[in-house]
Number of protein chains: 2
Amino acid sequence: MSDEAKSPPAARPRRTQAERSQETRNKVCEATLQALVEVGYEQISTTLIAQKAQVSRGALTHQFPTRNDMLVAAFEKLVGEWREGYPFGLDPDKEQLSVDELIDALWNNIFADGRYIAAMELMLAARQDNELGHALRDILVSWIRKRDRITVRLVGGDVDDAEADLKVQLHLSVLRGIAMHQSFDSDPQTANKLIDLWKRIARKA
Amino acid sequence: MSDEAKSPPAARPRRTQAERSQETRNKVCEATLQALVEVGYEQISTTLIAQKAQVSRGALTHQFPTRNDMLVAAFEKLVGEWREGYPFGLDPDKEQLSVDELIDALWNNIFADGRYIAAMELMLAARQDNELGHALRDILVSWIRKRDRITVRLVGGDVDDAEADLKVQLHLSVLRGIAMHQSFDSDPQTANKLIDLWKRIARKA
DNA sequence: GAAGTTACGAACTGGTCTACCTGTTTTCGA
DNA sequence: TCGAAAACAGGTAGACCAGTTCGTAACTTC
């Protein structure tokens, strides 16, 4: 059995401290987002997340001293993914999207994802929590600012045009409302029909 | 001090058992809804609600054996108020509303209320809880069915017209999305601007 | 007005969660 | 290579909460 003794936990490549930290943090954040979608905010506990992430509770609490730290980091990761993916590989300075394309892009890349609902639940749950709430809002505003500016350009509007900005806000509100509808409604087709109807109406406006 | 002994807890009018029950149930439901708005779903505990409602915990648990029973009853009360108030004293068989009037009526009577956001939070929080979730959904569907049918008639559509129904769903989705926006956004005027923009667009469609 | 029923009050219990704390292993820097 | 520091592992304490139990008070019925 000397062979087993010499190569015990299979291949364990040497990692830097930064890599070790990042790996645990990623695993925890990913597990948190997954749990938000699967079991909901209320069920989330540090113990559950540690199990899901295949990480000891000690490692988790070392990286995230408080439960809020963990939730904030997970939220930050999600928003970061939105931020990185936007505007879907396009160059807003050169390209412009038709209304239909914009709606599809926003819907498919952000609002249709179960993670969007998870984010909504988190935001709603934290809307009164001064500590968690403020942290989440701070993360949101920077992303929202970028998102809105790029979106206005994508549809060919002037960045400083209040009317164009309002139109973008309405687009986002409509998709948000449909996403919420979808999360309650049993018929998955309704969302698509609503999207199509909104496209028809938005085209004329 | 014989006077004090003879009239101890001030004036205590004689109530029937039904009245006593109804009074505690009402106080608890009202406190629950208020707490949902003020401190959010996560903070709600039977202890907190009993305190807010000025009711002993024993009285609460007697009326609502489980915490879910309490939440369901509160939700039922809220939906009941919507149901009773709808369609805002109008007769949908005789009267019809312009698009502007419909939007204003829906917004002012339902979506602009902080309780609507509270209901959303409750629904989102319960979306994974099979027991609470099903109970809330059951309460919702009966109200939604009535709401949608009346709304379609209010705008002069045929009840069985799928297109008219879809339009109503879009109206509701837009207002829902704006309501969510409002609960996060710091500027309270944005919601009004979005409503106005939506009116202009909806008028043309 | 007495027995029975319902509403209420208060204390207790079993379980869970967060934050903290003490050792151990891995990596880093000189 | 060796001491320091960071990452990790696991356990504990204190608080809280939902549900239960049991005794008391208010109401109802006959």
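This structure is a prediction, so every number in the text was calculated from the model and none was measured. Note: hydrogens, waters and symmetry copies are ignored here, and every other heavy atom, side chains too, is used.
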Over how many whole Å does the gap from [X] atom [atom1] to [N] atom [atom2] extend?
{"X": "B:D129", "N": "D:dA18", "atom1": "CG", "atom2": "P", "value": "13 Å"}
{"X": "B:R15", "N": "C:dT5", "atom1": "CZ", "atom2": "P", "value": "22 Å"}
{"X": "B:Q17", "N": "C:dG4", "atom1": "CD", "atom2": "C1'", "value": "11 Å"}

Nearest-0.5 Å distance that lies between atom OG in B:S45 and atom CZ in B:R57: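 Rounded to the nearest 0.5 Å, the OG-CZ separation comes out at 8.5 Å.
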
Straight-line distance of A:I117 CD1 to B:L124 CG, nearest 0.5 Å: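 Rounded to the nearest 0.5 Å, the CD1-CG separation comes out at 6.5 Å.
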
B:W198 and B:H171 aromatic ring geometry - parallel, tilted or perpendicular at 30°/60° bounds: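 Aromatic pair B:H171/B:W198 classed perpendicular.
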
Whether B:F111 and B:W107 hold their rings parallel, tilted or perpendicular, with breakpoints at 30° and 60°: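 Judged by the thresholds at 30° and 60°, the geometry between B:F111 and B:W107 is parallel.
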
Residue pair B:R145, B:S142: steps toward the side-chain hydrogen bond (donor to acceptor under 3.5 Å, both in side chains) verdict: CA-CA 5 Å; B:R145 202 165 294 159; B:S142 63; over 6 Å; no

Nearest-nucleotide pick for A:S56, side chain only, options being D:dT20, D:dA9, C:dC20: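 Output: D:dA9.
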
Contact list for residues 71-89 of chain A, test salt bridge (Lys or Arg N to Asp or Glu O under 4.0 Å), sequence neighbours left out: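 Found A:E30-A:K77, A:K77-A:E81, A:E81-A:R115.
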
Base of C:dG9 paired with side chain of B:R57 (donor-acceptor, under 3.5 Å):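 No pair found.
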
Residue pair A:Y116 / A:S183, side-chain donor-acceptor N/O under 3.5 Å: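 The criterion, which ignores hydrogens and geometry beyond distance, is not satisfied for A:S183 and A:Y116.
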
Residues B:T66 and B:D69: side-chain donor-acceptor under 3.5 angstrom: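 There is such a pair (donor and acceptor under 3.5 Å, judged by atom type) between the side chains of B:T66 and B:D69.
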
Close residues, residues 19-53 of chain A, relative to DNA chain D [heavy-atom separation under 4.0 Å]: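 A:R20, A:S21, A:T24, in order of number.
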
Those residues of residues 62-73 of chain A lying under 4.0 Å from DNA chain D by at least one heavy atom: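 Within this stretch, A:H62, A:Q63 sit under 4.0 Å of the strand.
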
